[in-house]
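Fair warning: this is a prediction, and the values are worked out from it, not measured in the lab.
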Amino acid sequence: STMASRRILQLGARIFGDLPRQLTPQDAKIVSYFKRKPVELREEVASYYPPTTEINSIFLRLRRLGLYRDPHIDFREEMTAKRKARGKGPPKKGQGRRSRKK
């Protein structure tokens, strides 16, 4: 076949969603891999893990109500309170380095 007819076949394949040439077994494996749904969207994977965002929001709500204690968050809050008591927090608006220069 001539170059023009080969090019027309390739363009037709591109337009109609076909593959432009014959596939080797390795090519077929790659094509099937990309045709599959992404792993995170597959139902068996998505339902395997617990819904962490919902669970975390529930625990935070329970913590605010006093029904759950998270030692890590308690520690972080304690450390930020200690830093603030020592004057280590961010400066108030208009009190930073750039405003002192002028």
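When hydrophobic clusters are built by joining Ile, Leu, Val, Met, Phe, Trp and Tyr residues whose side-chain heavy atoms come closer than 4.5 Å, directly or via intermediates, L62 is grouped together with I55. Side-chain heavy atoms closer than 4.5 Å link hydrophobic residues (I, L, V, M, F, W, Y) into clusters, and following such links, even through other members, never connects V45 to L41.
We find the CD1-OG1 distance between I58 and T53 to be 9.5 Å, quoted to the nearest 0.5 Å. In this structure, CD in E78 is found 4.5 Å from NZ in K82, a value given to the nearest 0.5 Å. In this structure, CG in D70 is found 8.0 Å from CZ in R76, a value given to the nearest 0.5 Å. To the nearest 0.5 Å, atom CD of residue E77 and atom NE2 of residue H72 are 11.0 Å apart. To the nearest 0.5 angstrom, L67 atom CG is 11.5 Å from F59 atom CZ.
When side chains are defined from C-beta on, V39 counts as touching R42, because their heavy atoms get closer than 4.5 Å.
Minimum heavy-atom separation, S99 to G96: OG-O, 2.9 Å. Annotation for L23 and A28: closest pair CD1-CA, 4.0 Å, computed over non-hydrogen atoms.
A salt bridge links D74 and R63; the closest N-O separation between the charged side-chain nitrogens and carboxylate oxygens is under 4.0 Å.
No more than 12 heavy atoms of other residues, nucleotides or ligands sit less than 6.0 Å from atom CD of Q26. Heavy-atom neighbours of R69 CZ from other residues, nucleotides or ligands within 6.0 Å: at or below the threshold of 12.
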Run E43 and K37 through side chain to side chain contact (heavy atoms under 4.5 Å, CB included) and show every step you take. CA-CA 10 Å; E43 187 56 42; K37 217 176 196 182; over 6 Å; no

